[in-house]
Number of protein chains: 2
Amino acid sequence: MKAEATRTQIVEAADRLFYRQGYEHTSFAAIAEAVHISRGNFYYHFKSKDDILRAVIAARLEDRRRMLTRWEAEEADPAARIRRFVEIVAANRADIQNYGCPVGTMTTELAKLGHPALDEAGGLFTLFRTWLREQFTRLGHREQADALAMHVLAFSQGVATLAHAFKDEDFIHREVQRMHHWLSRYSAGAQGTAPVDGPRAGT
Amino acid sequence: MKAEATRTQIVEAADRLFYRQGYEHTSFAAIAEAVHISRGNFYYHFKSKDDILRAVIAARLEDRRRMLTRWEAEEADPAARIRRFVEIVAANRADIQNYGCPVGTMTTELAKLGHPALDEAGGLFTLFRTWLREQFTRLGHREQADALAMHVLAFSQGVATLAHAFKDEDFIHREVQRMHHWLSRYSAGAQGTAPVDGPRAGT
DNA sequence: AGGATTTTAGGACAGTCGTCCTACGCGGTG
DNA sequence: CACCGCGTAGGACGACTGTCCTAAAATCCT
């Protein structure tokens with residue numbers, strides 16, 4: 001049963017390398033070296049490089065799913081949950097400045113490669129989108145819940161891309177603050193009743 | 001002097017291919033085929049693949065610079081110029097849905113590759129940032145001009161990334177509208193005096 | 001301890017990559 | 001017409017890629 005442990009190690013190393021160097025640019029040999037494993041032996045655990053990619057995507061999906069479930073347990077208020085999501089870019093600022101958003105960069109790369117696993121990678125976006133939509137719905141914004149969810153996602157992608165390009169930490173905090181302020185318009189809680197006229201322009 | 005014409009053709013084909021397939025994924029052979037040129041003959045015009053990349057980046061810089069200069073000629077109002085920038089994502093929606101933002105995706109890829117031309121590619125972001133900052137300064141937001149410029153850039157990157165991932169055209173138009181509304185807070189023109197309390201959260 | 005099974009190492013493979021070299025074709029000038 | 005030089009074609013090169021194969025090693029079970 002040692003195989004499973006090795007498999008996990010491979011997936012973890014590949015995850016890190018795909019994130020830092022990109023999928024195509026990460027060679028089989030590089031992963032092998034990171035795990036201290038023979039190159040040819042890979043095919044005992046995976047039948048192709050695509051297979052490793054799929055395992056990495058599945059692992060990320062599982063990980064993010066667990067994260068969202070944990071948030072739901074820790075935060076009863078949907079508004080607090082959304083704030084938690086917004087805080088991701090601040091909490092992970094170091095990685096984001098160095099390598100960008102794991103979801104956005106991988107999706108973009110796989111799209112350019114015309115890789116068949118693109119849809120699976122897109123599932124990560126859908127996971128967040130669905131979860132955010134659910135939180136906005138609970139806040140009473142049923143009609144516009146999906147549009148609001150997409151707006152929050154766009155915020156995180158925009159901030160991640162620019163923080164990566166400019167290595168600017170202050171920028172991250174400014175935009176996170178901006179987003180929190182915008183969110184307060186849609187949080188029923190301490191902010192009073194929610195607006196009924198739909199999403200408005202604002203920071 | 002036929003060499004220069006061929007060189008231009010190569011740069012244009014490489015530009016398109018780098019945008020659609022990514023830099024690393026675009027082989028020398030692919031560019032050669034697109035230009036109907038022999039593979040080995042490339043090195044008469046460029047001394048390496050990096051060299052082509054640099055030429056592509058320089059061409060894009062020149063092109064975008066010209067675009068901004070044209071806008072300055074066509075629009076006297078700085079607010080109108082900024083709106084023009086925001087409209088890019090709507091005007092180029094087809095390409096953006098299919099291939100993402102040319103600037104953002106290239107910068108991200110070169111960063112992952114650890115490519116030395118990353119800084120030159122980042123110059124495209126800086127070009128827009130500086131130009132936007134200048135427009136906001138003219139609108140009277142001297143202190144926060146750079147932060148506002150970055151916010152507009154983040155908007156465009158976020159929208160481009162998600163529109164690319166979800167192939168959602170309605171989303172683009174919704175977010176562009178949102179951004180126009182947000183911009184109206186900072187446009188001195190028809191909107192009354194500009195706010196003095198700095199950027200606020202909002203769409 | 002011994003045999004069966006799981007896991008590993010390391011090299012062979014065909015293909016592709018960026019790069020370089022050399023010889024050929026075409027144009028205008030003397 | 002002969003010539004010279006710019007532009008081109010096409011192949012050779014070494015390095016690297018993902019993949020596959022086979023033999024050895026490690027592990028587990030009785």
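Pairing each heavy atom of A:Ile57 with each of A:Met106, the nearest pair is CG1-SD, 4.0 Å. Of all heavy-atom pairs between A:Phe18 and A:Leu53, the closest is CE1-CA, 4.0 Å.
B:His141 places a side-chain N or O within donor-acceptor distance of the main-chain N or O of B:Tyr186, the cut-off being under 3.5 Å.
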Indicate every side-chain donor-acceptor pair of residues 78-92 of chain B with a distance under 3.5 Å to a residue at least two apart or in another chain.
residue	atom	partner	partner atom	Å
B:Arg81	NE	B:Glu75	O	2.7
B:Arg81	NH1	B:Gln135	OE1	3.0
B:Arg81	NH2	B:Glu72	O	3.2
B:Arg81	NH2	B:Glu75	O	3.1
B:Arg84	NH1	B:Glu74	OE1	3.4
B:Arg84	NH1	B:Glu75	OE2	2.7
B:Arg84	NH2	B:Glu74	OE1	2.6
B:Glu87	OE2	B:His180	NE2	2.6

Can you give the donor-acceptor pairs under 3.5 Å from side chains of residues 109-125 of chain A to other protein atoms, not counting sequence neighbours?
residue	atom	partner	partner atom	Å
A:Glu109	OE1	A:Tyr23	N	2.9
A:Glu109	OE2	A:Tyr23	N	3.1
A:Glu109	OE2	A:Glu24	N	2.9
A:Lys112	NZ	B:Tyr19	O	2.5
A:Lys112	NZ	B:Tyr99	O	3.1
A:Lys112	NZ	B:Thr105	OG1	3.1
A:His115	ND1	A:Ala117	N	2.9
A:His115	NE2	A:Asp50	OD1	3.3
A:Glu120	OE2	A:Arg54	NH1	2.5

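The phosphate of D:dC20 (OP1 or OP2) has no side-chain N or O of A:Tyr43 nearer than 4.0 angstrom.
Between B:His151 and B:Trp182, the ring planes are tilted. Angles from 30° to 60° get that label.
Counting heavy atoms from C-beta on, the side chains of A:Gln97 and A:Ile172 come closer than 4.5 Å.
Around CZ of A:Arg70, the count of heavy atoms belonging to other residues, nucleotides or ligands within 6.0 Å exceeds 12.
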Any chance you could encode DNA chain D as dot-bracket? Rule is Watson-Crick or G-U wobble with both distances under 3.5 Å; [ ] for pairs crossing earlier ones, | for another strand. |||.|.||||||||||||||||||||||.|
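Boundaries of the chain B contact region on DNA chain C are C:dC17 to C:dC21, first to last in 5' to 3' order (nucleotide atom under 4.0 Å from a heavy atom).
Applying the ring pair (Phe, Tyr, Trp, His ring centres under 6.0 Å) definition to pairs two or more places apart or across chains, those involving residues 54-73 of chain A are A:Trp71-A:Trp131. The side chain to side chain donor-acceptor pair (under 3.5 Å) contacts involving residues 153-171 of chain B comprise B:Arg93-B:Glu169, where partners must be two or more places apart or lie in separate chains.
Residues satisfying the side-chain hydrogen bond (donor to acceptor under 3.5 Å, both in side chains) test with B:Arg39, not counting sequence neighbours, are none. B:Phe42 meets the ring pair (Phe, Tyr, Trp, His ring centres under 6.0 Å) test with B:Phe28; sequence neighbours excluded. By the ring pair (Phe, Tyr, Trp, His ring centres under 6.0 Å) test, B:Tyr44 pairs with no residue at all, sequence neighbours left out.
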Where protein sits on nucleotides 7-15 of chain D, one letter per nucleotide: B base, S sugar-phosphate only, - none, heavy atoms under 4.0 Å: BBBBBB---
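Cation-pi contact between A:Arg129 and B:Phe166: present, with separation from the ring centre below 6.0 Å and deviation from the ring axis of at most 45°.
Considering CG of B:Leu148 and CG of B:Leu153, their distance stands at 11.5 Å, rounded to 0.5 Å.
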Shorter than 3.5 Å, N or O on both sides, protein versus nucleotides 22-24 of chain D: list them out with atom names.
none

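DNA chain D is contacted by no residue of residues 12-25 of chain A, taking any non-hydrogen atom closer than 4.0 Å.
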